[in-house]
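Quick notes on the structure that follows.
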Amino acid sequence: MAAFNLTPSDPSTFILMGIPGLEAAHIWISIPFSMSYIIGLMGNFTVLFVVYKEQTLHKPMYLLLCMLALTDIGMSTSIVPKALCIFWFNLKGITVGGCLTQMFFLHAVSVMKSAVLVTMAFDRYIARCNPLSYATILTNTRIAKPGLVGLIRAVPYALPMPLLLSRLPFCANRIIPTTFCEHMAVAKMSCGDITVNRTYGLVLGIVFIGLDLTLIALSYGLIIRAVLRISSKEAHQKALSTCTTHICVILMSYASNLFSNLTHRFGQGIASHVHIILANLYFFVPPHAQPYHLWGQNPRAS
């Protein structure tokens with residue numbers, strides 16, 4: 001264990017504190033963390049397996065579910081193993097390279113997930129507003145293209161973050177009061193000027209997340225308008241049922257993500273443990289809800 005007794009002044013490492021103020025409860029906190037992670041992995045791998053084995057599910061809607069499952073697996077796996085090492089074994093040290101790598105994957109996968117959610121909203125719009133042309137408009141090949149675009153745009157969004165941080169000086173303070181390497185949490189540890197980091201993170205977050213939320217809101221606005229034109233109450237319920245779970249996942253994903261980003265910049269009055277716990281919900285709650293997309297959908301509806 002002595003090999004991991006790292007000091008904050010070690011120039012090759014950062015120290016992840018876990019959840020400051022709740023150190024005594026780390027073991028108990030690790031129970032829902034580990035259970036959530038295992039359940040999320042099982043659910044999402046089950047989605048991937050079922051869609052792969054069932055030929056009738058080889059449709060755009062279910063391919064999107066697979067993309068969403070992969071992003072959820074990638075995001076949670078990026079932080080949970082290290083968080084559990086902190087909670088169980090007090091292994092708080094992480095190399096600078098490891099921290100920056102984790103940061104890149106977290107932010108890149110987050111942008112990819114946002115792109116998938118936008119594509120799912122468009123999928124639901126076509127299914128509800130132009131159902132007769134659904135199979136013609138949304139083919140498997142056309143659904144794969146937005147996934148590729150999401151991957152391409154994620155790299156230029158996330159790559160500058162570790163590059164900007166790698167140029168900052170880190171003096172005596174190398175303690176990061178959280179469970180994972182988030183861009184602004186690491187930047188605040190620097191003894192240099194982080195104005196560029198603050199501006200980049202805020203502007204790019206508004207551009208990417210704001211644009212995606214606008215497109216999603218537009219899609220569901222058109223869906224609601226189309227549904228309200230349907231005279232049958234039963235048809236109303238059937239049309240909205242396939243969108244409800246997706247809307248819940250969107251709300252959970254974006255709400256926790258926006259809360260984390262804004263509190264890092266403007267939420268000085270919020271207790272650190274509250275901020276950290278809510279930030280971690282972004283990696284745990286959506287992976288639980290996502291598998292229910294599959295069980296709540298009717299293949300004939302697409």
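The 12-atom threshold is not exceeded at CZ of F105, counting heavy atoms of other residues, nucleotides or ligands nearer than 6.0 Å. No more than 12 heavy atoms of other residues, nucleotides or ligands lie within 6.0 Å of OH in Y125, so this atom counts as exposed by the packing criterion.
Pairs passing the salt bridge (charged side-chain N to carboxylate O under 4.0 Å, His left out) check and including a residue from residues 215-224, sequence neighbours excluded, do not occur. Counting only residues at least two apart or in different chains, disulfide bond (SG atoms under 2.5 Å apart) contacts with residues 103-149 are absent. Note on residues 17-26: no pairs pass side chain to side chain donor-acceptor pair (under 3.5 Å), not counting sequence neighbours.
Distance check, rounded to the nearest 0.5 Å: CG of L100 to CG of L159 gives 11.0 Å. Atom SG in C99 sits 14.5 Å away from atom CZ in F104 (nearest 0.5 Å). In this structure, NZ in K92 is found 10.0 Å from CG in L16, a value given to the nearest 0.5 Å. The CD atom of Q102 sits 10.0 Å away from atom OG1 of T95, with the distance rounded to the nearest 0.5 Å. Once rounded to the nearest 0.5 Å, the distance linking NE2 of H107 with SG of C181 reads 9.5 Å. Once rounded to the nearest 0.5 Å, the distance linking CD1 of I175 with CE of M17 reads 5.5 Å.
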Legend entry - Check against side chain to side chain contact (heavy atoms under 4.5 Å, CB included), K188 and R198: CA-CA 9 Å; K188 287 181 178 180; R198 287 182 179 275; 4.1 Å; yes
Legend entry - Derivation and outcome, side chain to side chain contact (heavy atoms under 4.5 Å, CB included), residues I216 and F122: CA-CA 8 Å; I216 290 172; F122 179 68; over 6 Å; no
Inset, instruction - Test R174 against T13 for side chain to side chain contact (heavy atoms under 4.5 Å, CB included), laying out the working first. - result: CA-CA 8 Å; R174 288 177 168 263; T13 63; 5.7 Å; no
Inset, instruction - Could you walk me through whether Y37 and T77 pass side chain to side chain contact (heavy atoms under 4.5 Å, CB included), step by step? - result: CA-CA 8 Å; Y37 179 57; T77 302; 3.1 Å; yes
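There is a path of hydrophobic side-chain contacts, each under 4.5 Å, that joins I27 to I29. Hydrophobic clustering (side-chain heavy atoms under 4.5 Å, transitive across Ile, Leu, Val, Met, Phe, Trp, Tyr) groups V80 together with W88. In the hydrophobic cluster analysis, where Ile, Leu, Val, Met, Phe, Trp and Tyr join through side-chain heavy atoms closer than 4.5 angstrom, L48 is grouped apart from I38. Taking hydrophobic clusters as Ile, Leu, Val, Met, Phe, Trp and Tyr residues chained together by side-chain heavy-atom distances below 4.5 Å, F89 shares a cluster with F180. L168 and L163 are assigned to two separate hydrophobic clusters, defined by single-linkage of ILVMFWY side chains at heavy-atom distances under 4.5 Å.
Applying the side chain to side chain contact (heavy atoms under 4.5 Å, CB included) test between Y62 and each of V51, N140, V50 identifies V51 as the sole match.
Evaluation of the side chain to side chain contact (heavy atoms under 4.5 Å, CB included) rule for A187 yields L165, M184, I194, N197 as partners, not counting sequence neighbours.
Taking both residues in full, the closest heavy atoms of P162 and M103 are given as N-SD, 4.2 Å, listed atom of the first, atom of the second, then distance. Between T179 and A83, the closest heavy-atom pair is CB-CB, 4.2 Å. A pairwise comparison of heavy atoms in V155 and P160 identifies O-CD, 4.2 Å as the closest pair. Nearest heavy-atom pair, P81 versus S76, reported as atom, atom and distance to 0.1 Å: CD-O, 4.0 Å. Counting all heavy atoms, side chain and backbone alike, R124 lies closest to Y134 at NH2-OH, 4.0 Å. Between L64 and V116 the shortest heavy-atom distance is O-CG1, 3.7 Å.
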I'd like a table of donor-acceptor pairs (distance under 3.5 Å, sequence neighbours excluded) in which one partner is a side-chain atom from residues 204-214, with atom names and distances.
from, atom 1, to, atom 2, distance (Å)
D212, OD1, R153, NH1, 3.3
D212, OD1, R153, NH2, 3.4
D212, OD2, S114, OG, 2.4
D212, OD2, R153, NH2, 2.5
T214, OG1, G210, O, 2.7

Which pairs would a plain distance check flag for residues 141-150, meaning a side-chain donor or acceptor within less than 3.5 Å of a matching protein atom at least two apart in sequence or in another chain?
from, atom 1, to, atom 2, distance (Å)
R142, NH1, T136, O, 3.1
R142, NH1, I137, O, 2.9

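Looking at S190, its side chain never comes within 3.5 Å of a backbone N or O of F170 through a donor-acceptor pair. Without hydrogens or angle criteria, E54 side chain to L57 main chain gives no donor-acceptor distance under 3.5 Å. No donor-acceptor pair closer than 3.5 Å links the side chain of N130 to the backbone N or O of I126. In this structure, the side chain of H183 does not engage the main chain of G201 through any donor-acceptor pair within 3.5 Å. Between the side chain of T139 and the backbone N or O of A135, no donor-acceptor pair lies under 3.5 Å.
Between L164 and V196, some side-chain heavy-atom pair lies under the 4.5 Å cut-off.
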